There are 2 protein chains.
Amino acid sequence: MMPSTDRSLPIALLRARERVMGPIRALLSGAGLTEQQWRVLRVVQESGPIDPTQIADKACLLLPSLTRILQKLEEKQLISRERDQQDRRRQVVQISAAGEKIIADNLEASLELMERTRRKMGAERYEALLDLLNELDQIDLAE
Amino acid sequence: MMPSTDRSLPIALLRARERVMGPIRALLSGAGLTEQQWRVLRVVQESGPIDPTQIADKACLLLPSLTRILQKLEEKQLISRERDQQDRRRQVVQISAAGEKIIADNLEASLELMERTRRKMGAERYEALLDLLNELDQIDLAE
DNA sequence: ACATTTTGCTAAACATGTTAAGTAATTCAG
DNA sequence: CTGAATTACTTAACATGTTTAGCAAAATGT
């Protein structure tokens, strides 16, 4: 049944996200990671050495949240951090071998979950949805 | 500039939601309400007397979050609660006069913000996006 | 060079998200 | 009719979201 709030864009975005993330969360909890920790780990792995501000941008996190997440990931020894020598306000974050292993152990299953969603929805509609979402993200800025 | 994570559906959903909610949050903070408190208040106002389980469903909240939010709204005297006489596990939640006033004071501006988004995106694409999001919410269930 | 502003991050406080456990009222099986 | 599920919340614990404030390093203006 469709809830009566289904024509509210904010709630539709929320519901859709819950639907997509549910299975992914279940997968990651087996690896002892939250959804956000996983997102950060993937960004660091894909980009190589990178500073927190850029991680926050790519992973869509606010810096205060990211600060705590990086502390957790460092405790778990999945990443390492050092000060940037050129600009000592900055840090350089790198993934560790253990971090790489967690990615290797879970990436395929995670991609398969998204691929399944794409198949069930139909590739065309899935791409159309991504395009509309990106468009929405770009539009609102002016006025 | 488009972030490199823009073809990831979970992150695209997150970014789109942030874009839409930013201005609404700004509006509501003027009324001393969070986005979730506002959502609950609107559901209660629209539906009339209603129990927490249904509120959670309509507002897309988990019950533990809702429990705390209802406590806050009750402290602020924007809602009232009583036990259901037929089934004493249940509660019946109602909006108060003060709650109605907050809605009256902010509903128009809130709707205008969404209408602006709709105009900027184009009504057709906006509706197409809502349809795709609702479709995504319905699909994943089986298999 | 020096005071001011800006940048990059951290800390703190409060609210919510998420999962697991707990409680009381109701329903259900036998 | 009674003990075992089930239902409708609530509590607790930990992680993140959000805003505001703080701090140190770097850039900027004069």
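Note that the coordinates shown come from a computational prediction; the quantities given were computed from them, not determined experimentally. Proteins get letters first, then strands, A, B, ... in listed order; numbering begins at 1 in each.
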Describe the nucleic acid contact of [X] in one word from base, sugar-phosphate, nothing, applying a heavy-atom distance below 4.0 Å.
X: A:Arg17; answer: nothing
X: B:Arg83; answer: nothing
X: B:Leu66; answer: nothing

Hey, are [X] and [Y] close enough for a salt bridge, meaning a charged N less than 4.0 Å from a carboxylate O?
X: B:Glu18; Y: B:Arg25; value: yes
X: B:Glu112; Y: B:Arg119; value: yes
X: A:Asp131; Y: B:Arg7; value: yes

The side chain of [X] is closest to which nucleotide in this list: [options]?
X: A:Arg89; options: D:dA26, D:dT18, C:dT16; answer: D:dA26
X: B:Ile69; options: C:dC9, D:dT18, C:dT16; answer: C:dT16
X: A:Leu63; options: C:dT18, C:dT10, D:dG17; answer: C:dT10

Between [X] and [N], is there a side-chain N or O to OP1/OP2 distance below 4.0 Å?
X: B:Gln54; N: D:dA8; value: no
X: B:Gln86; N: C:dA25; value: no
X: A:Thr34; N: D:dT16; value: yes
X: A:Gln71; N: C:dT10; value: no
X: A:Thr53; N: C:dC9; value: yes
X: A:Gln91; N: C:dT10; value: yes
X: B:Gln36; N: D:dG17; value: no

Whole angstrom is fine here: how far is it from [atom1] in [X] over to [atom2] in [N]?
X: A:Arg39; N: D:dA15; atom1: CZ; atom2: P; value: 16 Å
X: A:Asp87; N: C:dT6; atom1: CG; atom2: C1'; value: 12 Å
X: B:Leu61; N: D:dG17; atom1: CG; atom2: P; value: 16 Å
X: A:Asp51; N: D:dA26; atom1: CG; atom2: P; value: 14 Å
X: A:Ile50; N: C:dC9; atom1: CD1; atom2: C1'; value: 15 Å
X: B:Leu14; N: C:dG17; atom1: CG; atom2: P; value: 13 Å
X: B:Glu18; N: D:dT19; atom1: CD; atom2: C1'; value: 13 Å
X: A:Ile55; N: D:dT16; atom1: CD1; atom2: P; value: 14 Å

For the pair [X] (side chain) and [Y] (backbone), establish whether a donor and an acceptor sit closer than 3.5 Å, ignoring hydrogens and angles.
X: A:Gln37; Y: A:Thr34; value: yes
X: B:Asn134; Y: B:Leu130; value: yes
X: A:Lys76; Y: A:Gly32; value: yes

>> Pick the closest DNA chain D nucleotide for A:Arg68 and for B:Arg90 by heavy atoms, then say which residue is nearer the 5' end.
In response: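 Closer to the 5' end of DNA chain D: B:Arg90.
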
>> Quick check: on DNA chain D, is the nucleotide nearest B:Thr67 upstream (toward 5') of the one nearest B:Glu35, or the reverse? Name the residue that is more 5'.
In response: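 The residue mapped nearer the 5' terminus is B:Thr67.
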
> DNA chain C: A:Pro64 or A:Arg25, which has the more 5' nearest nucleotide?
Replying inline: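 Nearer the 5' end of the strand: A:Pro64.
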
>> Is there, by distance only and without an angle test, a donor paired with an acceptor across the side chain of A:Arg88 and the base of C:dG8 below 3.5 Å?
In response: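 When only heavy-atom distances are counted, A:Arg88 does not reach the base of C:dG8 through any donor-acceptor pair under 3.5 Å.
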
